[in-house]
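For reference, the structure discussed in these notes is given below.
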Amino acid sequence: MGPIETYFATIAIIFVFISVARGYAKELSTTIIILVAIFLLDVIDGRLNPLLLALVSTIFPDFDRASAAADTLLCVVYSVAFIGSVFANYSGNSLNLGGSQAAPPVGTYISILVGLMNGYLVAGTLWFYQALYDYPLKFFGRGIEQPLSSTAQAMVELLPQKLALNAGYLMIPIAVILLLRARG
Amino acid sequence: MLNQPESLISLFIYFVFFGLIGARRGWKKEVFVFALAFASYLGLLQSQGRIAFIINTGGNYIRSGFPSDQEGLLKVFQAAPIIGPENRETFVFVAWAAILFLLYFVGDKLFKKDAGKSQSLGFMAGIANGILYLSLIATRLFPIFNGGSELAEAPPGTQLQQVVIRLQDFLDTQVTGFFASFSQAEQRTLLIFVLFAIIGIASYTMYGRKSSPQKK
């Protein structure tokens, strides 16, 4: 496993520990927030870019819109917005989905699965914005070395944003949860 | 080398480990698992041809969309087998592993209050299971470690590192091979199905179960 896979896999594994500690009943609310954040960022991504770059160009006239600095700026904006959404769910009032989770050991196994899924969604989204804007983090040195290994190149094609034709499909599980919630 | 004292001590530890498990679980459970696991393995070896024929015919019949005409039925028998000579051994082992898992489950249900009685019998039955595992499961692990001779001759203190490296290499190859057998579109479909399944299972266990009445 190359450096970038290790880096993002570590983030995913941390989410497994968080999920086991909090339980999947709470983590499922984080899943909803993550999916909504991915959907919203997918909707505004592209539309917001010209506006942001025009704003920065107005403040800094020498700013080159096609430079690596512009890519870094956009990557940071989307990554921070995404991390902010996830953090808000953990630090603020989490969505209360109600229901009660299964008793251990089944409950623990499901918590591990939900943690892995959240880890994949979070680490995968951060990786996606890195890949989309040509890995701005590489300027910081170690960790994201180019070219990517064959495993990493294969993994890039399986990031959350690339799973479906558009992020609207990611709303299906949310609908299922809400329907079950209404029924339950 | 066969006369190494370390090998003898390792074998002793291995048998004591299985013996202690047997003593804790009870002899009935251990004998139940041993007898039926051994018998089912022999049974699978004996009847693998017939089982493969049933699965191949049934599977191809379903794949062909349940044909009722003569031509359709002929195609069912002419189609490539699901279980062919190249994967027959894998099929036997997977079927046996599933039976073994089931036997532990059924044994626990059948002999609930067996543990604690006749611990010496349980110890011996546990050793018998240890020999069964050594012959049927451990032999499948040897290829991962190139027969194990290189590991045995590795400098003292490096065996653990070697085992971890070889396990990682083996799993890397297996996982890469597994995913390479799917196209990129299939991989994405598989992944999205897994995500939906996790969310479905989690939400079903939260809302879908009927809550059992609480005792007052």
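Chain letters run A, B, ... following the sequence lines, proteins first and then strands; every chain starts at 1.
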Requested in this report: Could you go through the side chain to side chain contact (heavy atoms under 4.5 Å, CB included) check for A/I110 and B/T205 one step at a time?
Outcome: CA-CA 9 Å; A/I110 298 174; B/T205 55; 3.7 Å; yes

Which portion of [X] sits near chain B, non-hydrogen atoms under 4.5 angstrom:
X      : result
A/I177 : both
A/I174 : neither
A/I112 : neither

Report task. Give, for atom CD1 of B/I198 and atom OH of A/Y24, the distance between the pair rounded to the nearest 0.5 Å. Result ->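 So the gap between those two atoms works out to 13.0 Å.
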
Grab the two heavy atoms, one from [X] and one from [Y], that are nearest each other, plus how far apart they are.
X      : Y      : value
B/Q184 : A/E157 : NE2-CG, 3.3 Å
A/Q101 : B/M206 : CA-CG, 4.3 Å
B/L191 : A/L158 : CD2-O, 3.5 Å
A/Y169 : B/F196 : O-CZ, 3.6 Å

Should we say atom [atom1] of [X] is surrounded by more than 12 heavy atoms from elsewhere, each under 6.0 Å from it?
X      : atom1 : value
A/R47  : CZ    : no
A/K162 : NZ    : yes
A/Y109 : OH    : no
A/Q153 : CD    : yes
B/F91  : CZ    : yes
B/Y104 : OH    : yes

Requested in this report: Using a cut-off of under 4.5 Å on heavy-atom pairs, state which of A/T31, A/L28, A/V176 scores highest against chain B.
Outcome: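 That would be A/L28.
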
**Report entry** Closest-packed option against chain B by number of heavy-atom pairs under 4.5 Å, given A/L113, A/L170, A/L121
**Finding:**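 Of the options given, most contacts go to A/L113.
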
Query raised in the report: Hey, does B/L195 have a side-chain heavy atom less than 4.5 Å from the side chain of A/L163?
Result: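 In contact.
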
Query raised in the report: Side chains of A/L35 and B/I199: does their closest heavy-atom pair fall under 4.5 Å?
Result: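 Side chain of A/L35 against side chain of B/I199, heavy atoms only: contact under 4.5 Å found.
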
